[in-house]
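Just the heavy atoms: all of them, side chains too, but no hydrogens, waters or symmetry mates, feed the values below. Starting from 1, each residue takes its place in the sequence as its number.
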Amino acid sequence: FSLPHAPGRTLLVGASYIALECAGFLKGLGYDVTVMVRSILLRGFDRQMADNIGAYMEEHGINFIRECVPTSVEEVEAGTPGKYKVSGKYNDGTAYTDEFNTIVWAIGRDACTQNIGLDKIGVQLNPKNGKVLHDAAEKTNVDNIYAIGDVLDDKPELTPVAIQAGKLLARRLAGKSSTLT
C-alpha cells in the first residue's frame with residue numbers, strides 16, 4: 001500500500017502472509033503495530049512454524065489481538081493520518097475497543113471470477129469458492145486457457161508462488177521448458 005503521509009499507529013486486520021509481512025515492515029520502520037486475528041496465524045501453513053513466527057513478532061514488539069473480530073470502525077478525528085475507533089468482539093463475547101491512525105484490511109481473497117464470461121466459454125469453477133479448476137500445468141478444461149495465482153483452486157495464495165508459476169507457464173508455452181509449478 002502507499003500513503004502520502006506516515007501511517008502512525010496501525011491496525012492490521014487478518015492473519016495472512018500479507019498481514020504479517022506488512023506488520024513486520026511497519027514495525028521495522030518504527031511504527032506501533034497491532035494485528036487483529038480471528039482465529040489462527042497463517043492458516044494452511046505448518047502450525048509449529050506459524051506459531052514460531054507469531055511468537056517472534058510478539059517478542060519484537062508487534063501487538064496481537066487474538067480471537068477477535070472487528071464489529072465497527074468510527075472516525076474520531078479527520079486528518080492525515082486521521083484517528084479511528086475500532087470496536088470488536090472476542091470469541092468469548094468480551095468487547096474490544098482501541099484507536100488507530102491507519103487500518104489495513106488483509107482478510108482474504110475472493111476469486112472474482114463471476115461476471116467475466118468464463119461461464120460463456122465453459123471454464124469450470126469450484127462452486128464453493130469460485131476458483132478455477134485446473135490440471136498440474138495450470139490448464140483449465142478449455143483448450144488454450146490457463147490460469148495462475150490466487151484464482152486457482154487448491155493452490156497456495158502467495159504472491160511469490162504466483163510469480164514463479166507465471167514464469168514457468170510462460171516457459172512451457174514458449175516450448176523452452178516442461179517444468180511444472
Side-chain angles (χ1 to χ4, degrees), residues 1-116 126 128-132 148-153 155-166:
F1 64 92
S2 174
L3 297 173
H5 54 79
R9 189 163 190 248
T10 303
L11 172 67
L12 291 116
V13 180
S16 66
Y17 181 94
I18 298 298
L20 299 184
E21 182 178 40
C22 289
F25 76 69
L26 287 168
K27 184 62 183 174
L29 291 170
Y31 295 104
D32 182 348
V33 178
T34 299
V35 179
M36 183 179 279
V37 181
R38 175 178 48 96
S39 57
I40 61 172
L41 299 180
L42 300 168
R43 181 175 309 286
F45 284 74
D46 177 81
R47 227 27 300 125
Q48 183 179 10
M49 195 52 122
D51 291 343
N52 286 341
I53 290 168
Y56 178 88
M57 293 177 79
E58 284 180 306
E59 288 168 11
H60 287 82
I62 294 173
N63 305 308
F64 283 86
I65 307 301
R66 293 179 188 268
E67 297 188 354
C68 187
V69 294
T71 56
S72 68
V73 177
E74 301 170 43
E75 185 177 50
V76 173
E77 183 181 306
T80 51
K83 189 178 287 184
Y84 302 91
K85 176 183 173 186
V86 176
S87 298
K89 189 174 280 189
Y90 288 96
N91 284 355
D92 68 2
T94 305
Y96 167 86
T97 303
D98 206 346
E99 292 182 355
F100 299 92
N101 302 109
T102 299
I103 303 166
V104 177
W105 299 91
I107 53 173
R109 299 176 169 125
D110 289 330
C112 297
T113 54
Q114 302 303 316
N115 304 317
I116 62 170
N126 179 330
K128 292 182 181 177
N129 60 19
K131 293 191 175 201
V132 176
I148 57 168
D150 298 349
V151 76
L152 290 176
D153 192 49
K155 286 281 190 170
E157 294 178 338
L158 297 169
T159 301
V161 172
I163 291 168
Q164 183 65 16

Working to the nearest 0.5 Å, report the span between CG of Leu12 and CG of Leu26. 6.5 Å

Can you tell me how far CZ of Phe25 sits from CG of Leu20, rounded to the nearest 0.5 angstrom? 12.0 Å

Grab the two heavy atoms, one from [X] and one from [Y], that are nearest each other, plus how far apart they are.
X: Ala15; Y: Val37; result: CB-CG1, 3.7 Å
X: Gly130; Y: Gln114; result: CA-NE2, 4.3 Å
X: Ala106; Y: Ser16; result: O-OG, 3.7 Å
X: Cys68; Y: Tyr90; result: CB-CD2, 3.7 Å

Can you name the side-chain hydrogen bond (donor to acceptor under 3.5 Å, both in side chains) partners of [X], sequence neighbours left out?
X: Thr94; result: Asp92
X: Asp153; result: Asn126, Asn129
X: Ser39; result: Arg43
X: Asn101; result: none

Contact between [X] and [Y] at the side-chain level, heavy atoms closer than 4.5 Å - yes or no?
X: Tyr17; Y: Pro160; value: yes
X: Lys155; Y: Val161; value: no
X: Asp32; Y: Asn63; value: yes

So, using salt bridge (Lys or Arg N to Asp or Glu O under 4.0 Å) as the criterion, who are the partners of [X] when residues are at least two apart?
X: Asp98; answer: Arg9
X: Glu74; answer: none
X: Lys131; answer: Glu157

Could you give the side-chain donor-acceptor pairs of residues 44-54 under 3.5 Å, partners two or more places apart or in another chain?
unit_1: Asp46; atom_1: OD2; unit_2: Gln48; atom_2: N; d: 3.3
unit_1: Asp46; atom_1: OD2; unit_2: Met49; atom_2: N; d: 2.9
unit_1: Arg47; atom_1: NH1; unit_2: Leu41; atom_2: O; d: 3.4
unit_1: Arg47; atom_1: NH2; unit_2: Leu41; atom_2: O; d: 2.5
unit_1: Asn52; atom_1: ND2; unit_2: Gln48; atom_2: O; d: 3.4

Taking ring-ring contact (aromatic ring centres under 6.0 Å, His included) as the cut-off, I'd like each qualifying pair that reaches into residues 49-83, sequence neighbours left out, listed once. Tyr56-His60

side-chain contact (heavy atoms from CB on, under 4.5 Å) partners of [X], counting only residues at least two apart:
X: Thr113; result: Ala111, Leu118, Leu125, Val132, Val151
X: Val76; result: Lys83, Lys85, Glu99
X: Pro4; result: none

Ignoring hydrogens and angles, tell me if any N or O in the side chain of Ser87 forms a donor-acceptor pair with the backbone of Thr71 under 3.5 Å. no

So does Gly8 get a backbone contact from the side chain of Thr10, meaning a donor-acceptor N/O pair under 3.5 Å? yes

More than 12 heavy atoms of other groups within 6.0 Å of Arg38 CZ: no

Should the heavy atoms of other residues, nucleotides or ligands under 6.0 Å from NZ of Lys27 be counted, would the total exceed 12? yes

Stepwise side chain to side chain contact (heavy atoms under 4.5 Å, CB included) check, Glu21 with Ile18: CA-CA 5 Å; Glu21 182 178 40; Ile18 298 298; 4.0 Å; yes

